[in-house]
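Scroll down for the structure; my scribbles are underneath it.
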Amino acid sequence: MRSMIQRPRGTRDFGPADMFRRRKAERAMRDICHRYGFGEVVTPTFEQSELFTLRSGQSIVDEMYVFKDKGDREIALRPEITASVIRLFVNEMSNQPKPLKLYYVGNCFRYENPQSGRYREFFQLGAELIGNENPETDAEVISLAVNCIRAAGLQDFQVRVGHIGVMKSLALSGVQDPALAGRALRMIDKKDFDAMGDMFDANSLSRNLFDRITALAETRGGTEVLDDVEDVKAQQHLKELFEILKLQGVEDVEIDLGIVRGLDYYTGMVFEIDAPRLGAEKQILGGGSYTLSELFGGEAVFSTGFAIGIDRVMLALDAEQEAPEYAPLDAYVVPTEDAMRKYAFAIVSKMRSKGLRADVDLMRRSMSKNLKYAASVGVRYAVIVGKEEMSKRSVTLRDMKTGEQKQVPADFVAEELENSLGKGAP
RNA sequence: GCCGGGGUGGGGUAAUGGUAUCCUUGGGGAUUGUGGAUCCCUUGAACCGGGUUCGAUUCCCGGUCCCGGCCCCA
């Protein structure tokens, strides 16, 4: 029977096995955030749509879920969370001591065409460091980002760091019309140099400038490529940044001055992380430094942040490794006959109170069926309670992997199991 | 928004212009205190709408959803 109500396009359901994997990765990344001194914040899933339209380009606005609520307010489901965090900062945290380190995990919504690694509801973990624009700040954020990805278990990924000021100042130096310069930046982002060449010719812009821009956009490599950069401030910034990163054990980071990032609000350092084996949607993280707060009515405060696409991280993990085994139960209590069923609850309750993941037959199944069930669900130990055991105030522990059995006193089942399971239940 | 490929029980499949095969899974039973075995019973399917036709799961059109790609991003 097919249910009449379908899941909305571009959304997903996650079953227990999925969530086991997701939470594991998420927990690992949260743990890193806390170790870096970032505190968690939660902001509303929906906001006044203006919060997002203020700063984002038309492209984001076009794909937002927007609606009027019953009070005729224009509301949008958040397409990302940075704007909300900065709003929160401006509204209620602007007097807190700097630097302010905040992180978040949440779902975001974009009305896009779904494909591999792209959904209409997707999940991000992100962090914002609000305070200054020093290289230390940028390094801290990049280091956090890289360690989150590592902690999630991903091995094959590429970190690329650039500086948007370099390209922006170069483009603006030769292109007076800001709209035109913006178009040029967008073409640089797409690496569509043919179109940019046509545009330059059409507006009779310098061919020399074009060459310098394309060269810059292709500039990738180690810190030595910075020597040719004319923007001394940016050059210094990135050099210091890389020194600090190295001291934090973050190496294998590439300079990529071609990173422009579509969003206009980035002002300085920008960075991206790719998982190469993902194909079309391989970018798993994007970030950089910006000054958003003034846009929302606060003072201009420098921040650096990033957002990780959790769904893409999970896809990348899938591509890299076998899914970890999902074993939902440590123990399953099997009564041998109906007379034992109630007593079985006392046993399972004792184990649960000790922190073990334990279950008991609710289906009134035969013993044989119960053991079959326990095996198919992946239980570690069957706890068999029957007449014989009860007369001795004991139960039989059966290791479902090896088939070994032993009788233990009923009062010590939990302790015995804890020992057998080693390091206790996760 | 655009382009390509798809849509048969929960999952995987077969055939077919005359309402559907097989496997698996789920539930029950047998073996009457030890398991993934065997046997038996049982639940359960053609994405939606329109058209062609005596008749459509099958052919045609539209929509929808899934998979992938462009664009953009996470």
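Convention: sequence-line order gives letters A, B, ...; per-chain numbering from 1.
Position along RNA chain B of the nearest nucleotide to A:Glu272 versus A:Arg7 favours A:Arg7 as the more 5'-ward residue. Summary of the strand contacts: A:Gly309 and A:Asp399 both lie near RNA chain B, and taking for each the nucleotide with the nearest heavy atom, the more 5' one is attributed to A:Asp399.
Nucleotides B:rG44 and B:rA20, compared at atom C1', are 14 Å apart to the nearest Å. For the P atoms, the distance linking B:rU16 with B:rG68 amounts to 30 Å, nearest Å. Spacing between B:rU21 and B:rC59 at atom C1', rounded to whole Å, works out to 23 Å. Between B:rA45 and B:rU32, the distance separating the two P atoms is 36 Å to the nearest Å. Taking the P atom of each, B:rC40 and B:rG49 are spaced 38 Å apart, rounded to whole Å. Separation of the C1' atoms belonging to B:rC47 and B:rU57 is 12 Å when rounded to the nearest angstrom. For the P atom pair drawn from B:rC67 and B:rC54, the interatomic distance equals 40 Å after rounding to whole Å. Across B:rG55 and B:rU19, the matching C1' atoms stand 11 Å from one another, rounded to whole Å.
Side-chain contact check for A:Tyr290 and A:Thr304: no donor-acceptor pair (N or O, by modelled atom type) lies under 3.5 Å. No hydrogens or angles considered: nothing links the side chains of A:Thr11 and A:Glu121 as a donor-acceptor pair under 3.5 Å. Residues A:Tyr381 and A:Gln405 have side chains that never bring a donor and an acceptor to within less than 3.5 angstrom of each other. Side-chain contact check for A:Glu281 and A:Gln115: at least one donor-acceptor pair (N or O, by modelled atom type) lies under 3.5 Å. Under the 3.5 Å distance criterion, with hydrogens and angles disregarded, a donor-acceptor pair is assigned to the side chains of A:Asp138 and A:His237. Counted by atom type alone, A:Arg9 and A:Asn113 present one or more donor-acceptor pairs between their side chains at under 3.5 Å.
If you measure from atom CG of A:Leu362 to atom P of B:rG28, you get 12 Å, rounded to the nearest angstrom. Computed from coordinates, the A:Tyr65 OH to B:rC73 P distance equals 19 Å when rounded to whole Å. Atom CZ of A:Arg120 is separated from atom P of B:rC67 by 12 Å (rounded to the nearest Å).
Nucleic acid contact for A:Leu285: sugar-phosphate only, since backbone atoms but no base atoms lie under 4.0 Å from a heavy atom of the residue. Nucleic acid contact for A:Arg365: sugar-phosphate only, since backbone atoms but no base atoms lie under 4.0 Å from a heavy atom of the residue. Residue contacts shown for A:Tyr373 are absent, as no nucleic acid heavy atom lies under 4.0 Å away. Heavy atoms of A:Gly117 sit under 4.0 angstrom from at least one base atom. Residue-level contact check: A:Glu80 touches neither bases nor backbone, having no heavy atom under 4.0 Å from any strand. Here A:Gly287 lies out of heavy-atom contact (under 4.0 Å) with every strand. Nucleic acid contact class of A:Glu389 (heavy atoms, under 4.0 Å, all strands): base.
Distances shown here put every side-chain N or O of A:Arg398 at or beyond 4.0 Å from the OP1 or OP2 atom of B:rU34. The shortest distance between the side-chain N/O atoms of A:Gln115 and the OP1/OP2 oxygens of B:rG69 is below 4.0 Å. Note on A:Arg364: every side-chain N or O is 4.0 Å or more away from OP1 and OP2 of B:rG28. Residue A:Arg9 has no polar side-chain atom (N or O) positioned under 4.0 Å from OP1 or OP2 of B:rU64. When the side-chain nitrogen and oxygen atoms of A:Gln283 are compared with OP1 and OP2 of B:rA74, one or more of them lie within a distance under 4.0 Å.
Scanning for side chain to side chain contact (heavy atoms under 4.5 Å, CB included) contacts around A:Lys392 gives A:Ser394, A:Gln407, with sequence neighbours left out.
Residue A:Lys369 places no side-chain atom within donor-acceptor reach of the base of B:rG36, judged by atom type and a 3.5 Å distance cut-off alone. Between the side chain of A:Glu112 and the base of B:rG1, no donor-acceptor pair of N or O atoms lies under 3.5 Å. Looking at A:Arg118, its side chain comes within 3.5 Å of the base of B:rC71 through a donor and an acceptor atom.
Side chain of A:Gln124, nearest nucleotide from B:rC66, B:rA74, B:rG1: B:rA74. If you check B:rA74, B:rG36, B:rG33 against the side chain of A:Lys372, the one that comes closest is B:rG36. Among the nucleotides B:rG33, B:rU34, B:rC73, the one closest to any side-chain atom of A:Arg110 is B:rC73. When distances are taken from the side chain of A:Asn113 to each of B:rG69, B:rC73, B:rG29, the shortest belongs to B:rG69. The side chain of A:Ser116 lies closest to B:rG69 when the candidates are B:rG28, B:rG33, B:rG69. Closest to the A:Arg312 side chain, of the nucleotides B:rC71, B:rG29, B:rC73, is B:rC73.
Just one residue in the list A:Arg118, A:Arg21, A:Arg12 forms a salt bridge (Lys or Arg N to Asp or Glu O under 4.0 Å) with A:Asp311, and that residue is A:Arg12.
For the pair A:Phe46/A:Asp69, no side-chain contact is recorded, criterion being any heavy-atom separation below 4.5 Å from C-beta on.
Taking the six-membered ring for Trp and thresholds of 30 and 60 degrees, A:Tyr332 and A:Tyr373 have ring planes inclined between 30 and 60 degrees apart. Using cut-offs of 30° and 60° on the angle between ring planes, the pair A:Tyr65 and A:Tyr111 is perpendicular.
Pairing for B:rG17 is absent, with no Watson-Crick or G-U wobble pair whose two atom distances lie under 3.5 Å. In a base pair of the Watson-Crick type (N1 to N3 plus N6-O4 or O6-N4) or a G-U wobble (N1-O2 and O6-N3), with each distance short of 3.5 Å, B:rG1 is matched with B:rC70. Of the nucleotides present, B:rG29 is the one that pairs with B:rC39 by Watson-Crick or G-U wobble criteria, both distances under 3.5 Å.
Remark: nothing in residues 27-39 of chain A comes within less than 4.0 Å of RNA chain B through any heavy atom.
Ring-base stacking between A:Phe122 and B:rA74 is satisfied, the centre separation being under 5.5 Å and the plane angle under 30°.
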